[in-house]
Colleague: 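Here's a structure for you.
Heavy atoms only: backbone and side chains are in, while hydrogens, waters and symmetry mates are out.
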Amino acid sequence: MLRIVAGFFMALVLAGPALAQDADYARREALARQVVELVDPGEAVEAVLMTLPELIAEESADLSPAERAEFKVVMTTTFDEIMPGLMDQILEAMVPLYAETFTVAELEAMLVFYATPEGRSIMKKSVTLGADAQRITRNLLPGFLEDMAASVCRQMGCDPAEFLANVQ
């Protein structure tokens with residue numbers, strides 16, 4: 001009987017930290033959901049994705065200007081139709097990511113900050129900055145790849161043009 005009582009007591013002692021962790025995670029998850037809904041990371045993703053129709057149309061050199069314009073309209077309409085479902089999935093996927101990344105105190109601070117006019121303004125501007133950063137990166141990438149190929153081939157004795165052809 002003593003073993004049963006001792007075993008039960010040990011189980012309670014060992015379960016305490018696990019239950020506290022679960023309670024802490026549940027709190028972080030609840031706060032994370034509030035932050036994600038407030039911050040709406042899907043808005044940033046949507047802003048970036050909505051630049052794709054323009055980009056795809058620009059890169060479709062085999063299309064006439066009229067075909068390119070029509071293609072852009074079709075792509076934009078398609079994105080408008082399918083984007084809401086993707087945004088819901090992104091928001092749901094972000095909740096555990098925020099809960100695992102941030103502490104309760106950090107999530108609470110985020111909620112306080114993003115509820116202010118400055119916090120909301122920073123959120124909106126960050127979305128634009130994200131799309132601009134992607135465009136800048138996309139424009140700089142070809143030069144970076146050429147520099148990388150030149151460096152690799154200088155060290156390995158290969159032809160940068162061949163290296164680039166094999167990488168792309």
Colleague: Locate the shortest heavy-atom distance separating Ala32 from Tyr98; write the atom from each residue and the value.
Modeller: CB-CB, 3.7 Å

Colleague: Which residue pairs pass the salt bridge (Lys or Arg N to Asp or Glu O under 4.0 Å) test with at least one member in residues 81-96, sequence neighbours excluded?
Modeller: Arg33-Glu92

Colleague: At what distance, to the nearest 0.5 angstrom, does CD of Glu37 lie from CE of Met94?
Modeller: 13.0 Å

Colleague: Checking the side chain of Ser121 only, and the main-chain atoms of Pro117 only, is there a donor and an acceptor separated by less than 3.5 Å?
Modeller: no

Colleague: Report, one line per pair, each donor and acceptor closer than 3.5 Å where one atom sits in a side chain of residues 147-160; sequence neighbours left out.
Modeller:
from   : atom 1 : to     : atom 2 : distance (Å)
Ser151 : OG     : Gln155 : NE2    : 3.0
Gln155 : NE2    : Ser151 : O      : 3.2
Asp159 : OD2    : Glu162 : N      : 3.4

Colleague: Holding to side-chain contact (heavy atoms from CB on, under 4.5 Å), I want the full list of residues that pass it with Ile136, two or more places apart in sequence or in another chain.
Modeller: Leu140

Colleague: Taking only residues two or more places apart in sequence or in another chain, which ones pass side-chain contact (heavy atoms from CB on, under 4.5 Å) with Glu106?
Modeller: Phe102, Thr103

Colleague: Please determine whether the number of non-hydrogen atoms from other residues, nucleotides or ligands lying under 6.0 Å from atom CD of Glu67 exceeds 12.
Modeller: yes

Colleague: I'd like to know whether Met123 forms a side-chain contact (heavy atoms from CB on, under 4.5 Å) with Tyr114, so could you lay out the CA-CA distance, the side-chain angles of the two residues, the decisive distance to 0.1 Å, and finally the verdict.
Modeller: CA-CA 8 Å; Met123 271 191 296; Tyr114 288 130; 3.5 Å; yes

Colleague: Between Asp24 and Arg27, does any side-chain N to carboxylate O distance fall below 4.0 Å?
Modeller: no

Colleague: Are Ile82 and Ile90 joined in one hydrophobic group, where the rule is that I, L, V, M, F, W and Y side chains link up if heavy atoms are under 4.5 Å apart?
Modeller: no

Colleague: Of all the heavy-atom pairs spanning Leu107 and Val35, show the shortest one and how long it is.
Modeller: O-CG2, 3.6 Å

Colleague: Which residues pass the side-chain contact (heavy atoms from CB on, under 4.5 Å) test with Thr116, not counting sequence neighbours?
Modeller: Phe113, Glu118

Colleague: Pair Lys125, Ile122 - check side-chain contact (heavy atoms from CB on, under 4.5 Å), show working.
Modeller: CA-CA 5 Å; Lys125 290 176 182 177; Ile122 287 171; 5.8 Å; no

Colleague: Run Val95 and Leu91 through side-chain contact (heavy atoms from CB on, under 4.5 Å) and show every step you take.
Modeller: CA-CA 7 Å; Val95 169; Leu91 290 176; over 6 Å; no

Colleague: According to side-chain contact (heavy atoms from CB on, under 4.5 Å), who are the partners of Pro84, at least two apart in sequence or on a separate chain?
Modeller: none

Colleague: What pair of heavy atoms forms the shortest contact from Leu164 to Leu145, and how long is it?
Modeller: CD2-O, 3.5 Å

Colleague: Could you go step by step and tell me if Arg28 and Glu108 meet the salt bridge (charged side-chain N to carboxylate O under 4.0 Å, His left out) rule?
Modeller: CA-CA 9 Å; Arg28 283 184 292 136; Glu108 288 173 340; over 6 Å; no

